[in-house]
**Q** 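Please see the structure below; I have some questions.
Every chain is numbered from 1, with letters handed out A, B, ... down the list of sequences. The analysis underlying the following values was restricted to heavy atoms, covering all of them including side chains, and did not include hydrogens, waters or symmetry mates.
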Amino acid sequence: MPEQPSLDGLEQKWCGEWDRHAVYRFDRDAPAQELYAIDTPPPTVSGSLHVGHVFSYTHTDTIARYQRMRGRAVFYPMGWDDNGLPTERRVQNHFGVRCDPSIAYDADFRPPAAASAEQPAAVSRPNFVQLCLQLTESDEQAFEELWRRLGLSVDWSMTYTTIGRLAQRISQSSFLGLLERGQAYQLEAPTLWDVDFQTAVAQAELEDRERPGAMHRLRFHGRDGADALVDTTRPELLAACVALLAHPDDARHRELVGGEVLTPLFASPVPVLTHRLVEPEKGTGLVMVCTFGDLTDVVWWRELNLPVRPVLGPDGRLVPVRWGEPGWESRDPQLAQASYDELQGLTVNQARRRSVELLSQTGELVGEPTPITHAVKFFEKGERPVEIITSRQWFIRTLEHREALIARGREIRWHPPYMRARFEDWVNGLTGDWNVSRQRFFGVPFPVWYPIDQDGQTAYERPLRAREEQLPVDPSTDLPDGYEPEQRGQPGGFVGDPDVMDTWATSSLSPLIASAGAGEAALQQRLLPMELRPQAHDIIRTWLFTTVLRFHLERDELPWRNAAISGWVLDPDRKKMSKSKGNVVTPMHLLEQYGADAVRYWAASGRPGTDTAFDAQQMKVGRRLAVKLLNASRFALVDLGPSGELSHPLDRALLRRLAGVVADASESFEGYDYARALERTESFFWWYCDYYLELVKARRYEAEGAGAGSVSSALRRSLSVFQRLFAPFVPFVAEEVWSWWQPGSVHTARWPAAEDLSVDAGDPDTEEVALAVAADVLREVRKAKSEAKVKMRAAVAEAVVYDSAPRLAALRLGADDLCHAAVIERLELREGEQFSVEARLVEEAA
RNA sequence: GGGCGCGUAGCUCAGCGGGAGAGCGCUCGCUUCACACGCGAGAGGUCGCUGGUUCGAAACCAGCCGCGCCCACCA
């Protein structure tokens, strides 16, 4: 035991020891009922971990440590989500390259010496993927180092990645199963599209952003010179207009309905129809339907059987159109073409400005555009609004399972329970099946090819599936059965599916991937369903939802029994911490400044599901707690005499109180409320240091005697319990103080139970009162000394305690300890109405 | 527009049917033999507002106000 215990160096020391002794190694032979499997969130490997990660991963770690101490074989792997767009974006910037799938693989490829974001070098898809793997590997090492330093009790021998071969095999295999059962299908349909990344995105990946816009009133031309005025925010889509709509009950437009009007600029005849979703209060009550301005346009297009007039290309620019040809009718094709030529090739924003100029010139813009602010849908990682573009995509059926998914959600135990509402809201609000294909490169490919017929037409409706034994396959380099490499892209040959899966399509299988990584199939079956899914609330609609869906389709069961939802870390202004605000503190810096235990203490104080302010002050408090545990342990244990019978009433009362704390902390942990477990433990520990340790100090220093033996026993038992109660929260200091006097790791020690603190002798009620009154009197004497501004060791010549007879009787049981602790020379007990203490201090010698 | 959560001391929060609490911050004091990375004491609050239920409400119910988040077919 060190003379002057310190926190310095504990992290290095114990990280190494834990690794050397494989303290957190998962026991693969444990029987099913003793397993506790955690579906750890694989953090996105696209830069760095932030304070929010430290926050929520600490929550999970406290649970893992508690369960391990309860004797469960804790399956606690780490995964890295390296698959997907964020990595691609980083690789592009970092190496100055862009992926061009038409280029052939170059085995000798080296990234350009001087990275240039303006003029990126085109590289083949396999080369691009290699660069992605190279970059993620170094990130993952840095992540692991941080997690170890934070003290996560992960078994690092089971780490998986979402781009790894295992994940790809499982993901592709699951997809083929879905295809076989008709739960995955391909469709050419209007799709949410990001024009920068040039890929489809899913409903779950959208977010609203408030953006300035403008309302434009446009003049459509009716019969006999009658005009129809229409308000729109998207005049640039006028060429794509296929109808005007009014509400069926709207009398104002009754004359127009059923007829045709001509569009401004293009003189294209479009019908005027009615639909219940049109809101008469908005604008003029007339709305134009385009291909496609927003999701409502898609509804109208579908329900009213409208034609399509696609004008936006995948790059977000207006595509070439020949007015006057079928589908592009105009009463004045020359005018229409002249107008359109002004717009073709422009981006949406450019085309909008130009359209307004043209409409002003023709007088078809009524008044000035009115500035407005409105919510626009963005891909969450995107920079321009999503568009709706028709393309061929793979979907997984979700709508038809809505009821079943709601029922699944109700089987899950949510912590906190109200988080279930977010899940149900999301499921109830689904508008389409899940689009899982992305027109990107660094992801899991679809394990299918398509035959090309003799006319060079690709037969998408007859995909050639990979065999299970082939998986994982890359259809851009691997071959379907019965074909030769030369037939790729040739009439009579084949072509690989060019897309990759949405990253959630793979990470939604994380329980399967993680458990498969553990070893043999029998073990995987024992691990499923897992016990716990920990995650933050913002990805309920993505990761949580898709995992429940995949397990419903794959195994007809839940992926896990419990979902523990953590909140976010907010900056002191109550805003979500974000890089753009420049308020992000790097986690490693925090660990160096305050120590891992202190940072964990702050994190574990954040209650489940609750957003928590970043608070360095709380970390200092955590550090104080760690130091206190060191010093209290040293005081209690150094040169401690032999344990004896628990003969002293105050010792017995203390152990009984502590048993209550153990019960409370255990119950809290069982309900996933680690924060409450910490709060109970901590507040009692401070009381223990401030009152109990002070009361028993005299007996603790006695060499022998019944009182000394009793307190030695109580100190050993209470310290052992405190050290174990704190182990999940401050694992480094807990291990340190445990190592001074106990064999093995505290983290594999048994979680304390009431039996550790059982007390046979004495009257519990009276002795509890004895402890309470002794503490009350101690506080009163301290107050008297504080008011007299004397030191606490100043002697009290006489202390008179007034209280009820039973309380005085109880106090006699602890009077010896009290007099030592408060330095009372003469203690007198008098019966009185109210508790009070009169303390007469000994005059200080001058 | 719908849903969820939250409004308690200057700050961060606990309490959720019978004493208004903790930590930090603040003030005062203490070299005390585990700890000055410490110890002791103190000041500080019509528990968002309005009604209701109850012997009794910070807590339960209703309405309102404010903040945050999620969702929505936001032309």
**Q** Which nucleotide, if any, forms a Watson-Crick or G-U wobble pair with B:rG56, using both distances under 3.5 Å?
**A**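 The answer is none; no pair meets the criterion.
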**Q** Answer yes or no: does a side-chain N or O of A:Arg541 lie under 4.0 Å from OP1 or OP2 of B:rC71?
**A**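 Answer yes for this pair, as a side-chain N or O of A:Arg541 is under 4.0 Å from OP1 or OP2.
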**Q** Do A:Glu303 and A:Arg276 sit within salt-bridge range, that is, some charged N less than 4.0 Å from a carboxylate O?
**A**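 Salt bridge flag = yes for A:Arg276 with A:Glu303.
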**Q** Round to a whole Å and report the spacing from NZ of A:Lys697 to P of B:rC33.
**A**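 Atom-to-atom, A:Lys697 to B:rC33, this comes out as 8 Å.
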**Q** Pick base, sugar-phosphate or nothing for A:Lys377, based on heavy-atom distances below 4.0 Å to the nucleic acid.
**A**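 The answer is base, as A:Lys377 lies within the cut-off (heavy atoms under 4.0 Å) of a base atom.
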**Q** For A:Trp687 and A:Phe684, I'd like to know if the aromatic rings sit close, meaning centre-to-centre distance below 6.0 Å.
**A**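 Centroid distance A:Trp687-A:Phe684: below 6.0 Å, so yes.
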**Q** So what does A:Arg623 hit on the nucleic acid, given a heavy-atom distance under 4.0 Å: a base, only sugar-phosphate, or nothing?
**A**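 Here A:Arg623 touches the bases of the nucleic acid.
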**Q** Can you tell me the pairing partner of B:rA36 across any strand shown, Watson-Crick or G-U wobble, with both distances under 3.5 angstrom?
**A**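 By the stated definition (distances under 3.5 Å), nothing pairs with B:rA36.
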**Q** For the side chain of A:Lys789, counting heavy atoms from C-beta on, which of B:rC69, B:rG29, B:rC4 is nearest?
**A**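 For the A:Lys789 side chain, the nearest candidate turns out to be B:rG29.
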**Q** Checking base pairs now: Watson-Crick or wobble, both atom distances under 3.5 Å. What partners B:rG44?
**A**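 WC or wobble partner does not exist here.
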**Q** Within the structure shown, what part of the strands sits under 4.0 Å from A:Leu277 by heavy-atom distance: base, sugar-phosphate, or nothing?
**A**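 It contacts base atoms.
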**Q** Ring pair (Phe, Tyr, Trp, His ring centres under 6.0 Å) between A:Phe729 and A:Phe669: does it pass, once the steps are laid out?
**A** CA-CA 12 Å; A:Phe729 303 106; A:Phe669 261 126; 5.6 Å; yes
**Q** Need one value for A:Trp686: base, sugar-phosphate or nothing, where a base atom within 4.0 Å counts as base even if backbone is also close, heavy atoms only.
**A**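 Sugar-phosphate, no base atom in range.
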**Q** Let's test this: given Watson-Crick or G-U wobble pairing with both distances under 3.5 Å, identify the partner of B:rC6.
**A**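 B:rC6 is paired with B:rG66.
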**Q** Is the shortest side-chain N/O distance from A:Gln4 to OP1 or OP2 of B:rC37 below 4.0 Å?
**A**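 No, outside the criterion.
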**Q** Which listed nucleotide (B:rA75, B:rC37, B:rG5) is nearest to the side chain of A:Tyr418?
**A**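 Of the options given, the side chain of A:Tyr418 lies nearest B:rG5.
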**Q** Can you tell me the Watson-Crick or wobble partner of B:rG1, both distances under 3.5 angstrom?
**A**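 Pair assignment: B:rG1 / B:rC71.
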**Q** Take the protein atom NE2 of A:His415 and the nucleotide atom P of B:rC4, then report the distance between them rounded to whole Å.
**A**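 Rounded to the whole Å, the gap is 20 Å.
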**Q** Round to the nearest Å and state the distance from A:Arg422 atom CZ to B:rC70 atom P.
**A**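 These atoms are roughly 7 Å apart.
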**Q** Can you confirm if the NZ or CZ of A:Arg541 lies within 45° of the ring axis of A:Trp504 and under 6.0 Å from the centre of its six-membered ring?
**A**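 So A:Arg541 doesn't make the cation-pi contact.
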**Q** Measuring from the side chain of A:Thr296 (C-beta onward, heavy atoms only), which nucleotide among B:rC24, B:rA75, B:rC73 has the closest atom?
**A**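 Among B:rC24, B:rA75, B:rC73, the one nearest the side chain of A:Thr296 is B:rC73.
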**Q** Is it the case that the base of B:rC6 and the side chain of A:Asp611 share a donor-acceptor contact (distance under 3.5 Å, atom types as modelled)?
**A**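 It does not, because no donor-acceptor pair links the side chain of A:Asp611 to the base of B:rC6 below 3.5 Å.
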**Q** If you compare every side-chain N and O of A:Ser605 against the phosphate oxygens of B:rC13 (OP1, OP2), does one of them come in below 4.0 Å?
**A**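 The answer is no; no side-chain N or O of A:Ser605 sits under 4.0 Å from OP1 or OP2.
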**Q** Report which part of the nucleic acid A:Cys689 touches: base, sugar-phosphate, or nothing (heavy-atom distance under 4.0 Å, all strands).
**A**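 Base contact.
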**Q** Please classify the nucleic acid contact of A:Thr232 as base, sugar-phosphate, or nothing, using heavy-atom distances under 4.0 Å.
**A**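 A:Thr232: backbone/sugar contact only, no base atoms under 4.0 Å.
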**Q** Could I get the full list of salt bridge (Lys or Arg N to Asp or Glu O under 4.0 Å) partners for A:Asp433, not counting sequence neighbours?
**A**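 By the salt bridge (Lys or Arg N to Asp or Glu O under 4.0 Å) rule, A:Asp433 matches no residue at all.
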**Q** Using a 4.0 Å heavy-atom cut-off, does A:Val230 contact any base of the nucleic acid, only the sugar-phosphate backbone, or nothing at all?
**A**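 Nothing, no nucleic acid heavy atom in range.
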**Q** Tell me whether A:Arg607 is salt-bridged to A:Glu679, with the criterion being a basic N under 4.0 Å from an acidic carboxylate O.
**A**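 So A:Arg607 does not pair with A:Glu679 through a salt bridge.
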**Q** Do the non-hydrogen side-chain atoms of A:Tyr601 and A:Glu682 ever get within less than 4.5 Å of each other?
**A**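 Answer yes - side chains close enough.
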**Q** Select base, sugar-phosphate, or nothing to describe what A:Val299 touches, counting heavy atoms under 4.0 Å on all strands.
**A**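 Nothing, no heavy atom under 4.0 Å.
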**Q** Does the side chain of A:Arg624 get closer than 4.0 angstrom to OP1 or OP2 of B:rC24 through an N or O atom?
**A**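 Yes, A:Arg624 has a side-chain N/O under 4.0 Å of OP1/OP2 on B:rC24.
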**Q** Hey, does the side chain of A:His537 come within less than 4.0 Å of B:rC70's phosphate (OP1/OP2), counting only N and O?
**A**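 False: A:His537 side-chain N/O out of range (4.0 Å or more) of B:rC70 OP1/OP2.
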**Q** Answer with base, sugar-phosphate or nothing: what part of the nucleic acid does A:Lys785 contact at a heavy-atom distance below 4.0 Å?
**A**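 No contact at all - A:Lys785 keeps every heavy atom at 4.0 Å or more from the nucleic acid.
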**Q** Describe the nucleic acid contact of A:Met215 in one word from base, sugar-phosphate, nothing, applying a heavy-atom distance below 4.0 Å.
**A**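 Sugar-phosphate contact only.
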**Q** May I have the distance from A:Phe423 (atom CZ) to B:rC70 (atom P), rounded to whole angstrom?
**A**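 Distance, rounded to whole Å: 18 Å.
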**Q** To the side chain of A:Met792, which of B:rU32, B:rG25, B:rA72 is closest?
**A**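 Side chain of A:Met792 sits closest to B:rU32.
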**Q** So does A:Lys628 get a side-chain nitrogen or oxygen closer than 4.0 Å to the phosphate oxygens (OP1/OP2) of B:rC37?
**A**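 No.
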**Q** Could you please name the option among B:rU32, B:rC74, B:rA75 that lies closest to any side-chain atom of A:Arg793?
**A**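 Output: B:rU32.
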**Q** Any strand is fair game: report the nucleotide pairing with B:rG23 by Watson-Crick or G-U wobble, both distances under 3.5 Å, or none.
**A**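 Partner of B:rG23: B:rC11.
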**Q** Between B:rC73, B:rA14, B:rA75, spot the one nearest the side chain of A:Thr431, thanks.
**A**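 Shortest atom-to-atom distance from the side chain points to B:rC73.
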**Q** Check whether more than 12 heavy atoms from other residues, nucleotides or ligands sit under 6.0 Å from atom CG of A:Asp249, and answer yes or no.
**A**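 Atom CG in A:Asp249 is packed in, count exceeds 12.
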**Q** Within this structure, what is the CZ-to-C1' distance between A:Phe684 and B:rA14, rounded to whole angstrom?
**A**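 One finds 18 Å between C1' of B:rA14 and CZ of A:Phe684, rounded.
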**Q** Take A:Arg634 and A:Leu206, find for each the nucleotide of RNA chain B with the closest heavy atom, and name the residue whose nucleotide sits nearer the 5' end.
**A**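 With A:Arg634 and A:Leu206 compared, the 5'-side residue is A:Arg634.
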**Q** When the nearest nucleotide of RNA chain B is assigned to A:Phe635 and to A:Ser786 on a heavy-atom basis, which residue is associated with the more 5' position?
**A**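 Whichever sits nearer the 5' end wins; that is A:Phe635.
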**Q** Under 4.0 Å, heavy atoms only, any strand: does A:Asn428 hit a base, just the sugar-phosphate, or nothing?
**A**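 Counting heavy atoms under 4.0 Å across all strands, no contact is made by A:Asn428.
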**Q** Would you mind reading off the distance between A:Asp776 atom CG and B:rA41 atom C1', rounded to a whole angstrom?
**A**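 Going from A:Asp776 (CG) to B:rA41 (C1'), I get 16 Å.
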**Q** Identify whether NZ of Lys or CZ of Arg in A:Arg779 sits under 6.0 Å from the centre of the six-membered ring of A:Phe835 and within 45° of that ring's axis.
**A**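 No, cation not above the ring by the 6.0 Å, 45° rule.
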**Q** Rounded to the nearest angstrom, tell me the gap between atom CH2 in A:Trp568 and atom P in B:rG5.
**A**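 Distance check: A:Trp568 CH2 to B:rG5 P gives 17 Å.
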**Q** What does A:Lys783 touch in the nucleic acid at a heavy-atom separation under 4.0 angstrom: a base, only the sugar-phosphate, or nothing?
**A**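 Here A:Lys783 touches the backbone only, sparing every base.
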**Q** With sugar-phosphate meaning primed atoms plus P, OP1 and OP2, does A:Gln203 contact a base, only sugar-phosphate, or nothing at under 4.0 Å between heavy atoms?
**A**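 The residue A:Gln203 makes sugar-phosphate contact but no base contact.
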**Q** At under 4.0 Å between heavy atoms, what does A:Glu279 touch on the DNA or RNA strands: base, sugar-phosphate, or nothing?
**A**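 Base: the residue A:Glu279, judged by heavy atoms under 4.0 Å, touches a nucleobase.
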